[in-house]
Amino acid sequence: MSRNARINALLLLAVAALAVLPLVLGLGDHKEEPFAGADAEAETAITEIEPDYEPWFSPLYEPPSGEIESALFAVQAALGAGVLAYYFGLRRGRRQGEERTAAAPRDTPESD
(Lines give C-alpha, C1' and ligand atoms only; values in the text may rest on other atoms or scores of the structure.)
Protein backbone atom coordinates (compact mmCIF):
# COMPACT_ATOMS: atom_id res chain seq x y z
CA MET A 1 0.00 0.00 0.00
CA SER A 2 1.43 3.36 -1.02
CA ARG A 3 1.96 6.21 1.40
CA ASN A 4 -0.90 8.26 -0.09
CA ALA A 5 -3.29 5.31 0.15
CA ARG A 6 -2.40 4.86 3.84
CA ILE A 7 -2.93 8.56 4.56
CA ASN A 8 -6.27 8.51 2.75
CA ALA A 9 -7.37 5.40 4.64
CA LEU A 10 -6.42 6.97 7.98
CA LEU A 11 -8.27 10.19 7.14
CA LEU A 12 -11.35 8.22 6.11
CA LEU A 13 -11.16 6.26 9.36
CA ALA A 14 -10.87 9.49 11.37
CA VAL A 15 -13.91 11.01 9.64
CA ALA A 16 -15.93 7.85 10.25
CA ALA A 17 -14.90 7.87 13.91
CA LEU A 18 -15.96 11.50 14.28
CA ALA A 19 -19.37 10.64 12.86
CA VAL A 20 -19.97 7.40 14.77
CA LEU A 21 -18.36 7.94 18.20
CA PRO A 22 -20.88 10.55 19.47
CA LEU A 23 -23.70 8.15 18.64
CA VAL A 24 -22.01 5.11 20.17
CA LEU A 25 -20.96 6.93 23.34
CA GLY A 26 -24.39 8.52 23.77
CA LEU A 27 -23.04 12.04 23.98
CA GLY A 28 -26.44 13.68 23.63
CA ASP A 29 -28.75 11.37 25.55
CA HIS A 30 -29.45 13.84 28.36
CA LYS A 31 -30.82 16.49 25.97
CA GLU A 32 -34.25 16.77 24.37
CA GLU A 33 -32.67 17.42 20.97
CA PRO A 34 -29.28 15.72 21.25
CA PHE A 35 -27.66 17.09 18.13
CA ALA A 36 -29.28 20.49 17.67
CA GLY A 37 -27.35 23.12 15.76
CA ALA A 38 -25.20 25.85 17.25
CA ASP A 39 -27.88 28.46 16.56
CA ALA A 40 -30.41 26.66 18.76
CA GLU A 41 -27.81 26.16 21.50
CA ALA A 42 -26.88 29.85 21.43
CA GLU A 43 -30.52 30.93 21.55
CA THR A 44 -31.12 28.71 24.58
CA ALA A 45 -28.05 30.08 26.37
CA ILE A 46 -29.00 33.69 25.64
CA THR A 47 -32.57 33.29 26.88
CA GLU A 48 -31.28 31.67 30.08
CA ILE A 49 -28.88 34.55 30.72
CA GLU A 50 -31.16 37.40 29.61
CA PRO A 51 -34.86 36.43 29.31
CA ASP A 52 -35.87 39.87 27.97
CA TYR A 53 -33.32 39.86 25.15
CA GLU A 54 -34.56 41.19 21.81
CA PRO A 55 -32.54 40.30 18.69
CA TRP A 56 -31.15 43.20 16.70
CA PHE A 57 -32.01 41.67 13.33
CA SER A 58 -34.55 39.27 11.91
CA PRO A 59 -33.88 36.75 9.12
CA LEU A 60 -34.50 37.90 5.55
CA TYR A 61 -36.29 34.63 4.78
CA GLU A 62 -37.74 32.21 7.30
CA PRO A 63 -38.58 28.80 5.76
CA PRO A 64 -42.09 27.56 6.56
CA SER A 65 -40.82 24.26 8.03
CA GLY A 66 -37.71 22.57 9.33
CA GLU A 67 -37.68 20.18 6.38
CA ILE A 68 -37.43 23.04 3.88
CA GLU A 69 -34.71 24.64 5.97
CA SER A 70 -32.77 21.36 5.95
CA ALA A 71 -33.26 21.01 2.19
CA LEU A 72 -31.97 24.53 1.57
CA PHE A 73 -28.96 23.83 3.76
CA ALA A 74 -28.28 20.61 1.82
CA VAL A 75 -28.49 22.48 -1.49
CA GLN A 76 -26.09 25.10 -0.16
CA ALA A 77 -23.65 22.39 0.97
CA ALA A 78 -23.91 20.59 -2.38
CA LEU A 79 -23.22 23.81 -4.31
CA GLY A 80 -20.20 24.54 -2.12
CA ALA A 81 -18.87 21.01 -2.59
CA GLY A 82 -19.38 21.32 -6.34
CA VAL A 83 -17.45 24.59 -6.50
CA LEU A 84 -14.59 23.10 -4.46
CA ALA A 85 -14.52 19.92 -6.57
CA TYR A 86 -14.46 21.98 -9.78
CA TYR A 87 -11.61 24.13 -8.48
CA PHE A 88 -9.46 21.21 -7.34
CA GLY A 89 -10.21 19.25 -10.53
CA LEU A 90 -9.23 22.25 -12.66
CA ARG A 91 -5.96 22.66 -10.76
CA ARG A 92 -5.15 18.97 -11.07
CA GLY A 93 -5.94 18.98 -14.78
CA ARG A 94 -3.70 21.99 -15.37
CA ARG A 95 -0.89 20.40 -13.41
CA GLN A 96 -1.21 17.13 -15.35
CA GLY A 97 -1.25 19.08 -18.63
CA GLU A 98 1.92 20.91 -17.64
CA GLU A 99 3.59 17.62 -16.69
CA ARG A 100 2.63 16.04 -20.05
CA THR A 101 3.89 19.07 -21.92
CA ALA A 102 7.19 19.01 -20.06
CA ALA A 103 7.62 15.24 -20.54
CA ALA A 104 6.70 15.18 -24.25
CA PRO A 105 9.63 15.17 -26.66
CA ARG A 106 9.95 18.17 -28.89
CA ASP A 107 8.82 17.00 -32.35
CA THR A 108 8.89 20.38 -34.01
CA PRO A 109 11.71 20.84 -36.50
CA GLU A 110 14.04 23.67 -35.76
CA SER A 111 14.27 26.34 -38.39
CA ASP A 112 17.66 27.58 -39.56
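Distance check, rounded to the nearest 0.5 Å: CD of E67 to CG of L72 gives 11.5 Å. Of the inter-residue distances, the one linking I49 atom CD1 with T44 atom OG1 reads 11.0 Å to the nearest 0.5 angstrom. Separating the CG atom in L12 from the CD1 atom in I7 is a distance of 13.5 Å, to the nearest 0.5 Å.
The number of heavy-atom neighbours closer than 6.0 Å to OH of Y61, taken from other residues, nucleotides and ligands shown, is above 12. Heavy atoms of other residues, nucleotides or ligands lying less than 6.0 angstrom from OH of Y87 number 12 at most.
In this structure, A17 and P22 approach most closely via the heavy-atom pair O-CD, 4.1 Å.
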